[in-house]
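Numbers here are sequence positions counted from 1. Hydrogens, waters and symmetry mates play no part in the numbers below; they use all other heavy atoms, side chains included.
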Amino acid sequence: MAPAAAGGLSVVTERRLALAGEPGLKGLVSNLHTLSIAVFASIGGLVYGYNQGMFGQVLSMHSFTTASGVTGIQNPTLSGLLTSILELGAWVGVLANGILADRLGRKLCVVVACFFFCIGVIVQACTHGSSYSYILGGRFVTGLGVGSLSMIVPLYNAELSPPEVRGSMVALQQLAITFGIMISYWITYGTNFIGGTGAGQSKAAWLLPITIQIVPALVLAVGIMFMPQSPRWLVDQGRDEECREIIAGLRRLPLDHSLVTMEFLEIKAQKVFETRLSQRDFPQFQDSSSKSKFMLGVHGYLSLLNNRSNFKRTVVAVLIMTFQQWTGVNFILYYAPFIFASLGLDSKTTSLLASGVVGVVMWIATIPAVLWVDNWGRKPTLIVGAIGMGICHFIVAGIIGSCRSDWPAHKGAGWAAVVFVWIFAICFGFSWGPCAWVVVAAVYPLGLRAKGVSIGASSNWLNNFAVAISTPDFVAAAPFGAYIFLGLICILGALYVHIGVPETKTRTLEEIDEVFGDKSGRSHFEAEMLEQAQRDVGLLAVAGIEKQSDNGSDSEKPSHHEHIEA
């Protein structure tokens, strides 16, 4: 196989980087055109984050509780359902997205997601007559769009981006989500004053933050149609020349430039690799019929469960996302006004103001994680973040247990608890927010990564639903016990990462196989198959790694092996 270059990169990657330039900030500056497209597409993440942070604030507004017949957290079960039903819709949206993204293409899938999102928002805006049915139905439909956007936007950005800056481009989604959360707090903080905060509060106080979501969703739905198609999707459709043209346009280079040719051939080789892998594993489903395509999907997912090694990987993906949600992050995001009110803050206005800082600090904390997580390593980052979050939960629990009987006499303690909630948000922002997704993708071999990430996303949304629906009842029954429980989950998460999750930084797929007890050589075999696909489409020759004889076969091959980094 092709020899490894310094730092674990393949020679193909090294040759391409020599043509493309440096990754990181310099790479982003040299690819401003592609960066601008990725930033625009990340409006989907902003919409998702805004919706995630907005509803908990609206739920505490007097005019909303009057219109919807809900009295906030005083009716904890109903409040939990109103919040969590969006996650249930998002779970359905994620599952449907796997089919729609391939059949319709990435761009049309974004349009469909925005359509459902806007319909759901309109239904919620019609809430009146003390009927919460509008909220239940509207948030479920909105969830269909949110779930789809949460998957399709990073997929589109990843497939559009030059490889040397792909990580940063995909990370824009996480930054956009935290930015959406941040502005949702401050918008609702401002609209909370429309007509006052009591019985005279205007309907506009909650209608404005709910309906304003339609604007970025419509901008995204219309604007995405003017963006280029995903080069990877075009190759899947057999539209190779269009793929080359789009890569050249993104790079602002001539169609016959060596860098354009290399990037196109890398995409083509990956497609050939996946086709051959499917033919090898499931030869009985290669007739391109609808039934065969369906069965390929079913057996692909079954392979994550019926193989001992793959099952271990799936357990890691599911548990990482379980711990991510049960750290309590959405407990904080969804119910921050009620949480801060329970800590003895003077009014809803003050608690909304305190909530706004949560969004700011989480957004800021995400930035260094995006830049340096590859230097820190995944495991230490997750462990430090989990321990930090656990300590914050325990301290808040202690403050509530000691002072909740007489908050007016312990205002300082209440604000100290608020500060530790802010510190919790910082710990999540630099650790479990971005790193959980990195781990989920890295533990799978090449041929299973897409399906593995979808399993992780499914676990994420289901646990998100469980947290949202159970939190109000939990807090009502055990005001400080909920924090103790979440703190223990954080500590358990740190222990699990230490014991059960491999460090994927700089590890090869073969090393990951060894950790999971895979003695089949599956990853090594897949790496060889991928290299053969690269050879067959001419990528190794273009990269100058192998010379070709007159009949097109390779005449010179390096003698030692390439290790593909996880």
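Here Thr275 pairs with Lys271, Gln279 under the side chain to side chain contact (heavy atoms under 4.5 Å, CB included) rule; sequence neighbours left out. By the salt bridge (charged side-chain N to carboxylate O under 4.0 Å, His left out) test, Arg244 pairs with no residue at all, sequence neighbours left out. Judged as a side-chain hydrogen bond (donor to acceptor under 3.5 Å, both in side chains), and not counting sequence neighbours, Ser303 has no contacts. Qualifying salt bridge (charged side-chain N to carboxylate O under 4.0 Å, His left out) partners for Lys107, counting only residues two or more places apart in sequence or in other chains: none. Looking at residues two or more places apart in sequence or on another chain, you find a side chain to side chain contact (heavy atoms under 4.5 Å, CB included) between Val384 and Phe430.
Note that the CE atom of Met321 and the CG atom of Asn464 stand 11.0 Å from one another [nearest 0.5 Å]. Atoms OG and CG, from Ser230 and Asn157 in turn, are 10.5 Å apart once rounded to the nearest 0.5 Å. Rounded to the nearest 0.5 Å, atoms CD1 (Ile383) and CG (Leu495) are 8.5 Å apart. Interatomic distance, CG of Asn51 versus CD1 of Ile181, reported as 10.5 Å (0.5 Å rounding). Rounding to the nearest 0.5 angstrom, the gap separating the CG atom in Leu462 from the CD atom in Gln325 is 10.5 Å. The distance from atom CG of Leu539 to atom CD of Glu266, rounded to the nearest 0.5 Å, is 5.5 Å.
For Ser289 (side chain) and Ser292 (main-chain N/O), a donor-acceptor pair under 3.5 Å exists by modelled atom type. The main-chain N or O of Arg378 is found under 3.5 Å from a side-chain atom of Glu503 such that the two form a donor-acceptor pair. Remark: side-chain polar atoms of Thr314 are not paired, donor with acceptor, to backbone N or O of Leu305 under 3.5 angstrom. Within the 3.5 Å criterion, the main-chain N or O of Tyr156 finds no donor-acceptor partner in the side chain of Arg106. Side-chain atoms of Gln286 come within 3.5 Å of backbone atoms of Phe282 as a donor-acceptor pair (strictly under, hydrogens ignored).
Here the shortest heavy-atom pairing between Met225 and Ala221 reads CG-O, 3.7 Å. Among all heavy-atom pairs drawn from Ile43 and Pro216, the shortest one is CG2-O, 3.5 Å. When all heavy atoms of Gly120 and Val141 are compared, the pair lying nearest together is N-CG1, 3.8 Å. Pairing each heavy atom of Thr381 with each of Ser431, the nearest pair is O-CB, 3.3 Å. For the pair Ala217 and Val47, the tightest heavy-atom approach, listed with the atom from each and the gap, is N-CG2, 4.1 Å. Residues Ala494 and Ala386 share a closest heavy-atom pair of CB-CB, 3.8 Å.
Between Cys490 and Ile387, the closest side-chain pair of non-hydrogen atoms is not below 4.5 Å. Two residues are said to be in side-chain contact when any heavy atoms from C-beta on lie closer than 4.5 Å; Ile320 and Trp432 meet this criterion. With contacts defined as side-chain heavy-atom distances shorter than 4.5 Å, the pair Val329/Gln324 does not qualify. Side-chain contact between Val92 and Trp461 is absent, with no heavy-atom pair separated by less than 4.5 Å. A heavy-atom distance below 4.5 Å is not found between the side chains of Tyr496 and Leu382. For the pair Val110 and Leu149, the minimum side-chain heavy-atom distance is below 4.5 Å. Side-chain contact check for Val272 versus Asp536: every heavy-atom pair is 4.5 Å or farther apart. Between Ser459 and Thr322, the closest side-chain pair of non-hydrogen atoms falls below 4.5 Å.
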TODO: Carefully, step by step, assess Val235 and Asp240 under the rule side chain to side chain contact (heavy atoms under 4.5 Å, CB included).
DONE: CA-CA 5 Å; Val235 168; Asp240 290 2; 4.2 Å; yes
Task: Verdict with reasoning, Arg232 to Gln270, per side chain to side chain contact (heavy atoms under 4.5 Å, CB included) - done: CA-CA 9 Å; Arg232 171 57 198 266; Gln270 183 69 23; 3.6 Å; yes
- [ ] List the steps and the verdict of side chain to side chain contact (heavy atoms under 4.5 Å, CB included) for Gln229 and Glu242.
- [x] CA-CA 9 Å; Gln229 282 283 11; Glu242 289 182 62; 5.9 Å; no
Open item on the list: As a quick check of understanding, evaluate side chain to side chain contact (heavy atoms under 4.5 Å, CB included) for Ser148 and Val112, giving each step before the final call.
Closed with: CA-CA 9 Å; Ser148 183; Val112 171; over 6 Å; no
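Summarising the local packing, CZ of Phe40 is surrounded by more than 12 heavy atoms from other residues, nucleotides or ligands at distances under 6.0 Å. More than 12 heavy atoms of other residues, nucleotides or ligands lie within 6.0 Å of CZ in Phe465, so this atom counts as buried by the packing criterion. Environment of NE2 in His498: sparse, with no more than 12 heavy atoms of neighbouring residues, nucleotides or ligands closer than 6.0 Å. The environment of CH2 in Trp326 is crowded: more than 12 heavy-atom neighbours from other residues, nucleotides or ligands sit within 6.0 Å. Taking a 6.0 Å sphere around CZ of Phe179, one finds it holds 12 or fewer heavy atoms contributed by other residues, nucleotides or ligands.
Residue pairs satisfying the salt bridge (charged side-chain N to carboxylate O under 4.0 Å, His left out) criterion with at least one member in residues 39-50, sequence neighbours excluded, are absent.
A donor-acceptor contact closer than 3.5 angstrom is absent between the side chains of Arg251 and His257.
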